[in-house]
Amino acid sequence: MVLCSKFLALFLIYTCLLLSLCSAADPFVSYDFEVSYITASPLGVPQQVIAINGKFPGPTINVTTNNNVAINVRNKLDDNLLIHWSGIQQRRSSWQDGLPGTNCPIPPKWNWTYQFQVKDQIGSFFYFPSLHMQRASGGFGSFIINNRAIIPIPFDTPHGDIVILIGDWYKRNHTALRKALDAGKDLGMPDGVLINGKGPYQYNATLVPDGIDYETIEVQPALPHSFYTFQIGYTYVLLVAHVSDGCTMLYLFRVKFGKTYRLRVHNVGASTSLNFRIQNHNLLLAESEGSYTVQQNYTSLDIHVGQSYSFLVTMDQNASTDYYIVASARFVNESQWKRVTGVGILHYTNSKGKAKGPLPDAPNDEFDKTFSMNQARSIRWNVSASGARPNPQGSFRYGSINVTDVYVLKNKPLVTINGKRRATLSGISFVNPATPIRLADQFKVKGVYKLDFPNRPLTGSSKMETSVINGTYRGFMEVILQNNDTKMQSYHLSGYAVFVVGMDYGEWTDNSRGTYNKWDGIARSTVQVYPGAWTAILVSLDNVGVWNLRTENLDSWYLGQETYVRIVNPEDTNKTELPVPDNALFCGALSKFQKPQDISFAVSITGNRSKLFFTLLMAVCALMFVFG
């Protein structure tokens, strides 16, 4: 009896020590995601959408720089699932990137825990399901990384933080869209644009039917309640009475009041660039995908597929009515695409009426893309602001680093390869292997991929291959993205922020380097490439792993417009990359290693410490009762 009590006491002490050790370093933040289908009617027609914890869109992940994040994902779909954390760099651990080149999928009815650190990052990002065009049916949500308290942000603390997810939307689900592509068809014009998973406000009874639920964002104008105020136009007049020596003096002050909010806007759609604007309000750009920007006011901004921005918006307008929030399709025949417009409502708490009148105008440049490109060029890195670290962002002088590798990646209209309609990058249509590239390397599986992606586009016939870029560890790579198609493209590189140093119309040449911005080009993870134009990026290859380089347009991505960049430390050490996770899933040539329900206990310790502690404590108490 005494021996059992001593054993139980030692067990309890050991458990407490284990749990305290798990939390001794950077804090852990844990989330549980249950991914399932629900029925929703964002455009007034019931349809199947992908929800997380029963919600569409999914919950916001809100963490702080250097937090360890554990997200347990339970797959209740009837299909395989991976969640990709777009823009999260997964330092030293491409194992957690949630893409088919690095991870085996989570089978239906299984759960798997992602665990990673948001090392040296801040900013606005989002997550989404990365397989089989599932993002076209939902499953997305925002991902916020806040500054540590010791690192100042380069603007006053906003009154509130608001997430706005915009994106084109089809009434057909991802399965139907995929079948259309497999049959050699185009997706066609979307049925609408959603704002936070909701359809448009009925600004036009002809274009918007009755009964659609729309997004309303409520804000406070911050009028001083202790004084009497009234409005003349958009200006508040403050009336102050002062009594002195029996005389009452009235003073009128012309002032502007209004609380400032941070709006994090993400284009999570399938393939449509959107112009974002708020009626009568300026958008002060402050951050994009983890980089603080030079602060500039815009009346509207083009946000391309996969891109994220933070705006500071001051609620300083007349509260006689609500205001329109608009996300409308760009670079299309606007007269035919009028229905592809998302409309929400900005509602002041003291608003006296509904929004009315026509929507605020989008840029009038349907046949002239110069305006949009100049707008994109105006987005600059705030070199004096601190990012995730105390030192200024501009202390990394990317413009003075010698380039070691150059890749010209060219896309063009769809081609037919072996009887199938395919998208290509430099003449290669990527085929995802049954065994993920990173796992194949780890377990020395031969023949899974070829390390032969060309530096320049192929001159012969296009081909379907699993061809990968051989990146140089600690090299500095220049990538030119040449868009020879007629539609807008945006490209994303996992594992990194890339420096956007140039863009222009026409064909890129060596002489184009003379136009590069080598000082304050924005660092981000997703860049736009205009039709018939090029965009140049620079990237420092210091993150070991296998990283996806892809178009964000879901149809082209599904049809093969992507590759991976493989970066290996040639030194005989494993310090630059974390080991394969204990709970790694196996598939393809490694399927024999997969055990049923092989979920790692070690991961669940870090992911759910409080639940684990309570469970162990109850177990110990029960044992003490039995042996007591």
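These figures come from a predicted structure and were not determined experimentally.
Counted by atom type alone, S429 and R422 present one or more donor-acceptor pairs between their side chains at under 3.5 Å.
When the salt bridge (Lys or Arg N to Asp or Glu O under 4.0 Å) test is applied to D168, no partner is found at least two apart in sequence or on another chain. Under the side-chain hydrogen bond (donor to acceptor under 3.5 Å, both in side chains) criterion, Y558 pairs with D182, not counting sequence neighbours. Residues satisfying the ring pair (Phe, Tyr, Trp, His ring centres under 6.0 Å) test with F116, not counting sequence neighbours, are W85. Residues forming a ring pair (Phe, Tyr, Trp, His ring centres under 6.0 Å) with Y309 (at least two apart in sequence, or on another chain): none. In this view, E507 and K410 satisfy the side-chain hydrogen bond (donor to acceptor under 3.5 Å, both in side chains) rule, not counting sequence neighbours. With sequence neighbours excluded, the residues that form a ring pair (Phe, Tyr, Trp, His ring centres under 6.0 Å) with F140 are F56. Shown here are the ring pair (Phe, Tyr, Trp, His ring centres under 6.0 Å) partners of H174, two or more places apart in sequence or in another chain: there are none.
Residues F126 and F143 place their aromatic rings such that the two centres sit no closer than 6.0 Å. Aromatic ring centres of F443 and F586 lie closer together than 6.0 Å.
Counting non-hydrogen atoms of other residues, nucleotides and ligands closer than 6.0 Å to CG of N418 gives a total of 12 or fewer.
When atom types are taken as modelled, the side chain of R566 and the backbone of R438 share no donor-acceptor pair closer than 3.5 angstrom.
Sequence neighbours left out, the pairs with a member in residues 83-134 that pass disulfide (SG to SG under 2.5 Å) are C104-C587. Pairs engaging residues 121-131 under the side chain to side chain donor-acceptor pair (under 3.5 Å) rule: S124-R264, S124-E287, S124-S310 [sequence neighbours left out]. Listed by first and then second residue, the disulfide (SG to SG under 2.5 Å) pairs involving residues 448-487 amount to none (not counting sequence neighbours). The disulfide (SG to SG under 2.5 Å) pairs that include a residue from residues 431-546 number zero, where partners must be two or more places apart or lie in different chains.
Remark: of the listed residues K487, R421, R135, K487 is the sole one forming a salt bridge (charged side-chain N to carboxylate O under 4.0 Å, His left out) with D555.
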Expected list for residues 533-545: side-chain donor-acceptor pairs under 3.5 angstrom, two or more places apart:
{"unit_1": "T535", "atom_1": "OG1", "unit_2": "Q528", "atom_2": "O", "d": "2.8"}
{"unit_1": "D542", "atom_1": "OD1", "unit_2": "R91", "atom_2": "NH2", "d": "3.4"}
{"unit_1": "D542", "atom_1": "OD2", "unit_2": "R91", "atom_2": "NH2", "d": "3.3"}
{"unit_1": "N543", "atom_1": "OD1", "unit_2": "R92", "atom_2": "N", "d": "2.8"}
{"unit_1": "N543", "atom_1": "ND2", "unit_2": "Q89", "atom_2": "O", "d": "3.1"}
{"unit_1": "N543", "atom_1": "ND2", "unit_2": "G495", "atom_2": "O", "d": "3.1"}

